[in-house]
Q: 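Just passing along the structure, written as structure tokens.
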Amino acid sequence: MADPQHHLPGIADNTEPQREADARLELEAERIVEALVFASAQPVSEAYMAQRLPKGTDVNRIMQRLKGFYAGRGVNLLQVDDHWAFRTAADLSFVVQTDENEIKKLSRAALEVLAIIAYHQPVTRAEIEDIRGVQTSRGTLDVLMEAGWVRFRGRRRTPGRPVTIGTTRDFLDHFGLEEIRDLPGMEELKGAGLLAGRVPSNFQIPIPLGDDALEDDEDPITQLDLEELGLLTPRGEEAE
Amino acid sequence: MADPQHHLPGIADNTEPQREADARLELEAERIVEALVFASAQPVSEAYMAQRLPKGTDVNRIMQRLKGFYAGRGVNLLQVDDHWAFRTAADLSFVVQTDENEIKKLSRAALEVLAIIAYHQPVTRAEIEDIRGVQTSRGTLDVLMEAGWVRFRGRRRTPGRPVTIGTTRDFLDHFGLEEIRDLPGMEELKGAGLLAGRVPSNFQIPIPLGDDALEDDEDPITQLDLEELGLLTPRGEEAE
Amino acid sequence: MNSAKETPKKPSARAPMDVLWQDESGERALHEEALVIDIAGFEGPLDLLLHLARTQKVDLSRISVLALAEQYIAFIERARSIRIELAADYLVMAAWLAFLKSRLLIPQQAKDEGPSGEEMASSLAFRLKRLEAMREAATRLINRNRLGRDVFARGAPEHIPVERHSGYEASLYDLLSAYASLRQRQAVMQVTIEKRTVWSLADARLILARMLGDMVDWTALDHFLLRYMTSPRERATAIASSFAASLEMVREGRLEIRQDGAFAPIYVRQGPNPMSAEKLAELEAARG
């Protein structure tokens with residue numbers, strides 16, 4: 001669909017009806033995505049919406065506009081990855097809350113592991129244990145997986161091919177994050193080198209990856225990781 | 001709350017800020033009822049909303065105005081007696097209903113069979129039953145085939161030439177795996193709390209062989225085989 | 001101090017989640033006394049170190065690693081002196097810190113291999129900072145507006161968008177847990193778990209009674225029990241049960257017992273009131 005603003009001036013007799021037609025189509029597209037997203041409790045992907053819109057519709061642009069439209073209202077349009085969902089405005093939680101609104105409480109260990117996975121993903125279990133300095137007790141990862149917040153992502157191409165763990169879209173949805181880069185304090189932590197999986201002599205900072213696609217990061221570059229991490233730590237010595 | 005239109009003219013220096021304050025209150029009331037109606041599983045009564053609004057708020061008037069606000073949109077506000085609910089606009093039901101009834105939860109048995117196929121592939125039907133310890137009902141494999149997650153790979157060069165089964169590319173896509181070898185092994189399942197720590201010493205989880213290439217003891221499936229297996233006839237009888 | 005297992009953890013008792021959720025600082029209200037006793041509340045040596053570092057009340061980047069190492073080692077010594085079971089992790093850390101301390105105090109030889117004391121210290125400081133940063137991040141994360149607590153989804157969804165063509169729903173977690181529990185179930189069904197041989201008191205009593213007739217003179221308890229011990233693994237249980245049974249039989253006058261010193265061999269012989277053949281037959285019958 002053509003953007004009305006790109007029409008050239010001077011051919012007004014032609015553009016005026018055209019503009020109206022565009023606006024009508026645009027409104028119709030807005031209505032369709034509103035209906036789609038409103039009808040679902042789960043975030044709806046842009047790809048899914050695109051299938052239900054006229055070919056070539058710029059879904060993201062429409063969603064961004066709708067997001068602005070709902071910004072001040074009681075129900076907001078939120079982006080989660082490349083998915084969209086309507087959610088009640090956070091400042092209204094006091095009215096909406098009922099007794100049934102029970103959410104699962106996490107143990108301190110589970111919460112810590114969740115944060116480490118979120119900020120360091122894709123991360124292996126050995127790395128989680130290195131950061132915490134303690135073995136992850138049975139059931140901790142289990143709880144997070146069952147909640148649907150973390151998942152096995154793949155394997156790192158290092159000796160032993162350890163399985164890597166990352167967060168899910170449900171995680172983003174649950175904590176109201178558009179993408180993993182929106183994690184609180186991410187920039188500061190990166191800047192301080194605290195998300196680097198290694199000791200300070202090596203100031204290489206991996207950019208956390210939240211996407212579903214496996215990244216080049218799961219390549220031999222990170223080979224240093226495991227060995228290096230283990231070497232200077234007591235846990236590593238213990239393992240020897 | 002006074003309707004701004006009912007203010008008398010001539011006392012403008014007083015009404016202007018007043019009008020603004022009223023509008024703000026009104027918008028806040030609208031936001032609250034929007035959130036309430038949106039989050040509720042049932043239509044919400046005006047009485048319930050009134051409890052959550054400043055005393056004396058004319059709920060019905062607010063709802064009527066909101067109804068107007070949503071009238072042209074993809075989601076409408078509907079009144080049922082003195083209860084209110086959001087519903088997708090009637091003329092858009094076609095977008096919302098296209099894939100109704102399509103999503104089914106995989107049965108426990110199907111999950112087990114699928115998992116066995118994933119880990120033990122290429123695997124024969126008899127081997128699946130051996131691992132599960134029970135006979136696999138006819139429909140279970142059908143369901144997995146229908147889902148597009150498993151396929152016949154070939155025939156094993158052993159007496160009876162049993163058909164071997166493996167997973168598909170769609171399987172990997174659905175479960176977010178890049179390759180079948182990304183499936184977690186015993187240590188990872190243990191670490192995630194999915195496997196108990198104490199398993200028999202001879203307990204092993206195979207490393208799945210998921211290549212498209214046939215194994216040494218596998219023959220390709222031929223057209224003849226498919227007919228023989230009854231796969232080319234609708235819902236064919238499975239070779240027992 | 002030989003426990004290689006994890007000490008039982010009770011984090012909920014010491015650091016309830018509520019504290020973490022409500023208390024921004026994440027600081028745990030713990031006084032020194034509790035610290036000594038309640039090692040079980042710590043999630044490993046780094047957690048303990050972090051707590052000790054916190055009590056130095058300085059920025060983590062300016063902590064004295066040397067002082068911290070000394071505090072930790074002192075803490076472990078105190079715990080050991082009052083015989084608190086420490087997980088191996090804690091002892092390994094103590095040993096590592098002792099090594100670090102020596103590296104920091106003694107100038108390094110030129111040809112000395114391995115990391116310098118300073119490198120080790122900065123690595124430790126980094127790990128502490130990183131762990132603390134993750135704790136703070138966790139607190140900030142959990143205090144966000146959360147779906148189902150602060151923010152709500154549509155209460156009456158009309159439609160579930162089906163994005164996959166398969167038409168079936170299953171997550172990787174579903175798949176893996178189905179597989180793991182199936183395999184585990186089958187493994188349990190197929191493996192015959194070896195029965196652990198335990199000598200009951202009754203067994204031991206019967207065996208001792210059978211032996212009484214053969215015993216002319218003082219015989220070492222474990223020496224004659226060897227006849228009944230088919231495998232070394234039974235040794236402990238056989239000796240324990242026989243000893244307990246022998247005490248009872250001494251009380252009944254069927255047996256006399258003698259030991260010349262602590263940990264010296266225990267000798268037994270027939271007592272003044274030996275068991276009759278009928279009584280023995282009765283015992284045998286009762287045992288089946």
Side-chain angles (χ1 to χ4, degrees), chain B residues 35-44 85-88 93 95-100 102-106 108-116 118-119 131-133 143-144 146-149 170-171 173-177 183-184 186 188-190 192 194-196 199-205, chain C residues 3-12 43-44 87-89 144-196 231 233:
Chain B
L36 282 174
V37 175
F38 174 82
S40 169
Q42 283 97 34
V44 182
F86 279 115
R87 289 285 178 265
T88 50
S93 57
V95 262
V96 175
Q97 271 164 14
T98 43
D99 46 26
E100 205 78 71
E102 270 185 31
I103 195 143
K104 285 166 261 174
K105 223 172 154 54
L106 215 55
R108 179 81 193 177
L111 265 180
E112 284 182 5
V113 170
L114 179 60
I116 291 169
Y119 272 97
I131 294 167
R132 282 189 75 213
V143 160
L144 297 175
E146 189 193 323
W149 289 338
D170 278 356
F171 168 84
D173 288 345
H174 183 95
F175 292 97
L177 299 165
L183 281 172
M186 182 157 76
E188 284 109 359
L189 291 177
K190 272 193 199 171
L194 291 168
L195 262 184
V199 291
S201 55
N202 61 350
F203 186 88
Q204 275 191 337
I205 282 179
Chain C
S3 164
K5 292 190 187 96
E6 276 183 315
T7 46
K9 293 199 177 118
K10 38 174 181 174
S12 54
E43 290 256 346
D89 289 3
R144 286 183 65 82
N145 291 319
R146 294 171 64 186
L147 187 63
R149 186 183 70 176
D150 311 293
V151 161
F152 299 88
R154 175 90 187 266
E158 297 166 66
H159 162 77
I160 301 160
V162 180
E163 313 235 353
R164 318 256 192 200
H165 302 297
S166 70
Y168 285 93
E169 192 188 42
S171 70
L172 185 59
Y173 176 79
D174 294 337
L175 187 74
L176 297 177
S177 56
Y179 182 68
S181 65
L182 164 79
R183 289 297 312 278
Q184 192 137 286
R185 207 165 64 229
Q186 292 301 108
V188 168
M189 279 171 62
Q190 286 166 4
V191 168
T192 41
I193 292 162
E194 200 182 345
K195 193 165 175 282
R196 208 176 137 228
S231 82
R233 280 185 299 165

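Predicted model only: the values in this text are computed from it and were never measured. Sequence lines set the chain letters: A, B, ... in the order given, protein chains first and strands last, and positions in each chain run from 1.
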Q: Given B:L114 and C:Y168, is the side-chain contact (heavy atoms from CB on, under 4.5 Å) satisfied, shown in steps?
A: CA-CA 12 Å; B:L114 179 60; C:Y168 285 93; over 6 Å; no

Q: Non-hydrogen atoms of chain C under 4.5 Å away: do they reach the side chain of B:Q204, the backbone, both or neither?
A: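 Backbone of B:Q204 only, per the 4.5 Å heavy-atom cut-off to chain C.
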
Q: Taking B:G148's backbone N and O only, do any of them form a donor-acceptor pair with B:H174's side chain (distance below 3.5 Å, no angle check)?
A: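 Such a contact is absent between B:H174 side chain and B:G148 backbone.
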
Q: Would you mind checking which part of C:A153 comes under 4.5 Å of any heavy atom in chain B, side chain (CB onward), backbone (N, CA, C, O), both or neither?
A: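 The backbone, not the side chain.
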
Q: Taking the side chain from C:D174 and the backbone from C:S171, do they hold a donor-acceptor pair closer than 3.5 Å?
A: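 Yes, the answer is positive, given that a donor and an acceptor are paired below the 3.5 Å cut-off.
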
Q: Quick check on B:L189 against chain C: is it the side chain, the backbone, both or neither that has a heavy atom closer than 4.5 Å?
A: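 Side chain of B:L189 only, per the 4.5 Å heavy-atom cut-off to chain C.
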
Q: Tell me, for B:L183 versus chain C, whether the close heavy atoms (under 4.5 Å) come from the side chain, the backbone, both or neither.
A: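 Side chain only.
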
Q: Chain C heavy atoms under 4.5 Å from B:S40: which part of the residue, side chain, backbone, both or neither?
A: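 Backbone of B:S40 only, per the 4.5 Å heavy-atom cut-off to chain C.
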
Q: For the pair B:F171 and C:L175, evaluate side-chain contact (heavy atoms from CB on, under 4.5 Å) and give the outcome as yes or no after the intermediate values.
A: CA-CA 11 Å; B:F171 168 84; C:L175 187 74; 3.8 Å; yes

Q: Tell me whether the rings of B:Y119 and C:Y179 are parallel (<30°), tilted (30 to 60°) or perpendicular (>60°).
A: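 Correct class here is parallel.
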
Q: Measure distances from B:F38 to the heavy atoms of chain C and classify the residue's part below 4.5 Å as side chain, backbone, both or neither.
A: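 Answer is both: backbone and side chain atoms of B:F38 are under 4.5 Å from chain C.
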
Q: Would you say B:V143 and B:K104 make side-chain contact, with heavy atoms under 4.5 Å?
A: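 B:V143 does not reach B:K104 side chain to side chain.
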
Q: What part of C:S177 gets within 4.5 angstrom of chain B, counting heavy atoms only: side chain, backbone, both, or neither?
A: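 Looking at C:S177, backbone and side chain both touch chain B.
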
